[in-house]
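Below: one structure, written as structure tokens.
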Amino acid sequence: MSQHIRHFLQLRDLSQQEIAYLFERTRVIKDRFKRYERYHPLIDRTLVMIFEKASTRTRLSFEAGMQQLGGSAIYMNTRDSQLGRGEPVEDAAQVISRMCDIVMIRTFEQDIIERFAAHSRVPVINGLTNEYHPCQILADIFTFVEHRGAIKGRTVAWIGDSNNVCNTWLQAAELLDFKVHVSTPPGYEVEPERANLTGTGHFEQFADPHDACRGADLVTTDVWTSMGFEAEDAQRREAFENWRVDAAMMGLARANALFMHCLPAHRGEEVDADVIDGPQSVVWDEAENRLHAQKALLEFLMLGRVD
Ligand code: CP
Ligand code: NVA
């Protein structure tokens, strides 16, 4: 396979400089879009999106984004394609990547997307795996920067499950030099190897979620039960009961702290309604920025640097 293909399988596939560049492009692309200025650098290019799990935001932002850049997007899922009937991932990668210019995959184990990428002729983007959700964190950090400036040196409090979104925040902290305070229930702690971290210097684990929130510039959480873990739902509801982000936790963070959630959210479970619907919450900007950040990513992976 060609060596020059750039995949985005986890956040650390990008360097700190490349993330800075992507944020510059996100700004430009977002501003143009807001001014209704046509920008069609991906004319005649096709994105194939493969979903093995449900999605609203990821599908919509990639599909709309690709169209807005002048290209087209094709949606596939495992229920009504051969992908769900045992065709080897390697074969699917060979075929699909001969018919399009870029692929986005939402699947279960990271190993699946890595095997696909190893046999793909075109760039592959991780649209969420059990281990990582790198597109989400690009949008989240862009949103933080829009509201509060550079994230370097800041503190992010992660409350709840040490899941795919948490792992990606931890990678981001290493890449962009900020700190993550993590609080999970016992038995759900961060696994640095699964997060693929180079060290442990950019995060700290707290037994009490209130302590994790103290002095934070951003408080963030996610569902207690991620897709693929539904069998553990009852057990998790019990374990996570005290890991609901509420006004008391937000009150311990900095006065101008933001609240984020990748969505979909469950009010009264991982977050109280008065927090997610309150003045510190930027969840709608966060969701919208998926569109703009991913347009910058699509442009970068297909065209390289354009400035
Ligand atoms: N945050 C996120 O990825 O949402 P979807 O599952 O709706 O794509
Ligand atoms: N952690 C969640 C994120 C959904 C966007 C999941 O994997 O289901």
Side-chain angles (χ1 to χ4, degrees), residues 8-11 47 49-66 73 75-79 103-113 125-144 156 158-172 180 182-185 188-191 194-195 218 220-233 235-237 239-240 243-245 259-267 269-271 276 281-295 297-298:
F8 186 53
L9 307 183
Q10 50 183 305
L11 194 73
L47 163 72
M49 307 182 294
I50 301 169
F51 284 91
E52 289 209 76
K53 294 175 177 170
S55 169
T56 298
R57 280 144 287 267
T58 303
R59 175 179 179 181
L60 190 54
S61 53
F62 270 108
E63 192 163 336
M66 199 59 196
Y75 171 81
M76 296 179 75
N77 65 45
T78 32
R79 286 181 300 284
V103 177
M104 186 240 78
I105 305 180
R106 169 168 285 196
T107 187
F108 293 89
E109 290 78 27
Q110 183 72 8
D111 171 64
I112 299 172
I113 199 167
I125 298 173
N126 182 344
L128 181 147
T129 56
N130 290 351
E131 287 83 355
Y132 309 116
H133 196 2
C135 294
Q136 183 68 52
I137 300 309
L138 281 182
D140 290 7
I141 296 178
F142 182 79
T143 307
F144 183 89
V156 174
W158 175 271
I159 307 302
D161 192 15
S162 63
N163 62 14
N164 41 13
V165 180
C166 174
N167 285 341
T168 313
W169 270 112
L170 297 173
Q171 284 197 0
V180 185
V182 184
S183 181
T184 66
Y188 296 90
E189 291 87 356
V190 168
E191 297 169 57
R194 190 168 158 85
L218 166 66
T220 185
T221 187
D222 187 12
V223 292
W224 289 342
T225 304
S226 287
M227 294 180 280
F229 296 84
E230 290 81 1
E232 301 174 12
D233 193 51
Q235 183 189 329
R236 283 171 169 268
R237 277 171 190 276
F240 284 79
W243 276 262
R244 175 178 305 114
V245 177
F259 172 79
M260 288 191 195
H261 189 311
C262 65
L263 307 176
H266 304 78
R267 289 168 178 75
E269 292 183 27
E270 73 273 9
V271 61
I276 193 169
S281 173
V282 290
V283 294
W284 313 128
D285 289 345
E286 186 188 355
E288 179 190 325
N289 282 332
R290 293 290 304 278
L291 173 70
H292 310 302
Q294 287 162 198
K295 283 164 79 175
L297 178 70
L298 288 164

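Keep in mind it's a predicted model, so treat the numbers as computed, not measured. Worth knowing before you read on, the calculation uses all heavy atoms, side chains too, and leaves out hydrogens, waters and symmetry mates. In this chain, numbering begins with 1 at the start of the sequence shown. Order of appearance sets the numbers: ligands from 1, and atoms from 1 within every ligand.
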For N164 and T129, indicate whether the former's side chain and the latter's backbone hold a donor-acceptor pair under 3.5 Å. yes
Would you mind checking which non-hydrogen protein atom is closest to atom 8 (O) of ligand 2, with the distance to 0.1 Å? M227 N, 2.8 Å
Closest to atom 2 (C) of ligand 1 among protein heavy atoms sits R290 NH1, 3.4 Å
To check your reading of the model: name the closest protein heavy atom to atom 3 (C) of ligand 2, its residue, and the distance in Å. D222 OD2, 3.6 Å
Ligand 1 to C262, heavy atom cutoff 4.0 Å, flagged ligand atoms 1 (N)
With respect to S226, determine whether any N or O atom, backbone or side chain, lies less than 3.5 Å from an N or O atom of ligand 2. yes
Is there at least one pair of N or O atoms, one from N164 and one from ligand 2, spaced under 3.5 Å apart? yes
What residue and atom, counting heavy atoms only, is the protein's closest point to atom 6 (O) of ligand 1, and at what distance? R106 NH1, 2.8 Å
Assess L263 for proximity to ligand 2: is some non-hydrogen atom of it under 4.0 Å away? yes
Of all the non-hydrogen atoms in the protein, which one sits nearest to atom 4 (O) of ligand 1, and at what distance? R57 NE, 2.8 Å
Is L128 touching ligand 2 with its side chain, its backbone, both, or neither, if touching means heavy atoms under 4.0 Å apart? side chain
Check ligand 1 against L263 and write out every atom of the ligand that is under 4.0 Å from a heavy-atom position of the residue. 1 (N), 2 (C), 4 (O)
Could you tell me which atoms of ligand 1, counted from 1 in the order shown, lie closer than 4.0 angstrom to a heavy atom of H133? 2 (C), 3 (O)
